Amino acid sequence: MVNFFSKKIIMGDKNLDNAKVIAKIMEEAGFDVLPIRTDISSRESILNLIAEGQKYGDISALINAAGVSPSQAPIEMILNVDLYGTAVILEEVGKVIALGGVGVTISSQSGHRMPQLGVEIDELLATTPTEELLSLEVLRPENIKDTLHAYQMAKRCNVKRVMFESIRWGKRGARINSISPGIIVTPLAIDEFNGPRGGFYKNMFAMCPAGRPGTADEVANVAELLMRPHGAFITGFDFLIDGGATASYFYGPLKPAE
């Protein structure tokens with residue numbers, strides 16, 4: 001069991017001021033948090049984050065929630081942060097994760113709504129060496145239509161990398177899973193609501209079976225299951241938490257017109 005109250009939590013964020021604000025909130029709730037500037041698109045920055053954590057002992061847990069949305073960044077940044085960066089942090093933490101360690105990375109429902117890519121492309125997304133990922137034909141800029149397509153590809157890759165990395169993590173007696181949230185009320189989602197696809201997203205949660213967006217606590221509840229002994233037999237899997245939006249997209253009122 002990972003007891004975060006007894007652990008040193010190293011919190012990385014590209015914007016150190018953001019990290020400090022969140023760290024203060026957590027510290028006032030009883031957690032021991034060290035904020036540190038981290039750029040997940042940089043392997044060097046990720047290694048620095050890991051090294052900082054190792055100053056306080058073995059690394060026993062990873063929560064990767066870094067990412068940018070289609071309305072926040074251009075194609076190249078989305079691929080570098082959401083796809084490459086996630087692949088690198090799963091790889092590097094997987095090299096040092098402690099026996100019994102566990103990790104969760106946050107993906108997105110978006111990767112579940114794109115057309116199937118086929119076994120060959122899925123395997124390439126899962127197993128291609130990280131430094132070669134962005135050179136794959138399917139990820140070349142001329143083959144990415146727009147920022148939403150880039151985001152979908154990144155999130156599909158996240159799920160496949162988790163499956164692949166779960167084999168490596170398992171050799172160290174550790175587990176790694178992913179969570180694919182739907183519309184969750186966060187600063188990122190608010191940017192989307194106010195962006196060019198705002199109407200699309202508002203319609204999505206209005207027309208899904210749940211009839212509403214989700215909350216961060218609802219995602220955290222699943223993360224807690226995955227990171228506690230109750231989830232000890234779960235690894236290499238992705239959990240879709242979207243209030244039924246994906247189901248509605250394929251078989252309900254959100255299904256695109258032919």
Side-chain angles (χ1 to χ4, degrees), residues 1-16 18-27 29-41 45-54 56-68 81-83 85-98 100-108 154-155 158-159 161-163 165-166 168-169 172 174-181 184 186-189 214-232 234-241:
M1 172 180 173
V2 180
N3 182 352
F4 288 103
F5 283 103
S6 63
K7 300 289 185 181
K8 185 76 172 183
I9 300 173
I10 311 299
M11 177 184 296
D13 195 307
K14 189 172 183 180
N15 186 324
L16 184 57
N18 285 346
K20 288 178 178 179
V21 169
I22 298 170
K24 184 175 186 295
I25 293 170
M26 293 181 68
E27 287 168 349
F31 296 95
D32 183 6
V33 186
L34 173 66
I36 179 174
R37 186 185 184 282
T38 304
D39 178 0
I40 195 177
S41 68
S45 188
I46 288 171
L47 290 173
N48 181 56
L49 178 71
I50 292 171
E52 192 65 38
Q54 289 176 315
Y56 301 92
D58 293 334
I59 295 176
S60 60
L62 167 71
I63 300 174
N64 173 37
V68 290
V81 173
D82 294 47
L83 191 152
T86 294
V88 171
I89 200 167
L90 294 180
E91 175 186 16
E92 293 295 350
V93 173
K95 293 176 182 178
V96 300
I97 191 75
V102 62
V104 169
T105 192
I106 303 300
S107 187
S108 168
K155 298 311 178 181
N158 292 169
V159 171
R161 297 306 288 199
V162 162
M163 293 180 71
E165 287 294 344
S166 71
R168 293 177 171 178
W169 283 51
R172 298 183 63 86
R175 300 183 295 110
I176 178 69
N177 292 287
S178 59
I179 296 174
S180 288
I184 308 297
T186 64
L188 183 148
T215 67
D217 285 349
E218 290 173 312
V219 177
N221 289 339
V222 178
E224 182 182 17
L225 164 66
L226 296 176
M227 301 190 79
R228 289 173 64 89
H230 296 82
I234 305 171
T235 192
F237 192 66
D238 179 69
F239 286 76
L240 179 63
I241 309 173

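Since the structure is predicted, the reported quantities are computational estimates derived from the model, not experimental observations.
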**OP:** Please identify each residue that fulfils side-chain hydrogen bond (donor to acceptor under 3.5 Å, both in side chains) with Thr105, with sequence neighbours left out.
**Re:** Asn64
Original post:
Between atom CD1 of Ile97 and atom CZ of Arg175, what is the distance when rounded to the nearest 0.5 Å?
Top reply: 10.5 Å
Original post:
Would you say Ser178 and Asn158 make side-chain contact, with heavy atoms under 4.5 Å?
Top reply: no
Original post:
Phe237: what forms a ring-ring contact (aromatic ring centres under 6.0 Å, His included) with it, not counting sequence neighbours?
Top reply: Phe239
Original post:
Could you give the distance from CG (Leu34) to CD (Glu27), rounded to the nearest 0.5 Å?
Top reply: 9.0 Å
Subject >> Non-hydrogen atoms of Gly53 and Ile10 that approach each other most closely >> reply: CA-CG1, 3.7 Å
Original post:
For Ser166 and Thr235, which heavy atoms make the closest approach, and how far apart are they?
Top reply: CB-OG1, 3.7 Å
**OP:** Compare every heavy atom of Ala19 with every heavy atom of Met11, then report the nearest pair and how far apart it is.
**Re:** SD-O, 3.6 Å
**OP:** May I ask you to decide if Asp238's main-chain N or O and Asn177's side chain share a donor-acceptor pair within less than 3.5 Å?
**Re:** no
Subject >> Lys95, NZ atom: more than 12 neighbouring heavy atoms under 6.0 Å >> reply: yes
Original post:
When you measure from the side chain of Asp58 to the backbone N and O of Ser60, does any donor-acceptor pair fall under 3.5 Å?
Top reply: no
**OP:** Find the distance between CZ (Arg161) and CD1 (Ile176) and round it off to the nearest 0.5 Å.
**Re:** 12.5 Å
Original post:
Can you check whether Met227 reaches Ile63 side chain to side chain, under 4.5 Å on heavy atoms?
Top reply: yes
**OP:** Could you tell me which residues satisfy side-chain contact (heavy atoms from CB on, under 4.5 Å) with Thr38, sequence neighbours excluded, listed by chain and number?
**Re:** Ile36, Ser45, Leu49
Original post:
Considering residues at least two apart in sequence or located in another chain, which fulfil the side-chain contact (heavy atoms from CB on, under 4.5 Å) criterion with Arg168?
Top reply: Glu91, Phe164, Glu165
Original post:
For Asp32 and Lys7, what are the C-alpha separation, side-chain angles and deciding distance, and is it a side-chain contact (heavy atoms from CB on, under 4.5 Å)?
Top reply: CA-CA 7 Å; Asp32 183 6; Lys7 300 289 185 181; over 6 Å; no
Subject >> Heavy-atom side-chain proximity of Val96 to Glu92 below 4.5 angstrom >> reply: no
Subject >> Listed partners of Asn18 passing side-chain contact (heavy atoms from CB on, under 4.5 Å), at least two apart >> reply: Asp13, Asn15
Original post:
Are the side chain of Trp169 and the backbone N or O of Leu90 linked by a donor-acceptor pair below 3.5 Å?
Top reply: yes
**OP:** Of all the heavy-atom pairs spanning Pro181 and Val219, show the shortest one and how long it is.
**Re:** CB-CG2, 4.1 Å
Original post:
What pair of heavy atoms forms the shortest contact from Lys155 to Asp82, and how long is it?
Top reply: NZ-OD2, 3.3 Å
**OP:** With the side chain counted from C-beta on, respond yes when Val102 and Leu226 share a heavy-atom pair under 4.5 Å apart, and no when they do not.
**Re:** no
**OP:** Could I get the full list of side-chain contact (heavy atoms from CB on, under 4.5 Å) partners for Glu224, not counting sequence neighbours?
**Re:** Arg228
Original post:
Atom CD1 of Ile89 and atom OG of Ser41: how far apart are they, to the nearest 0.5 Å?
Top reply: 11.5 Å
**OP:** Check Val159 against Ser180 and note the closest heavy-atom contact, atom names and distance.
**Re:** CG2-OG, 4.3 Å
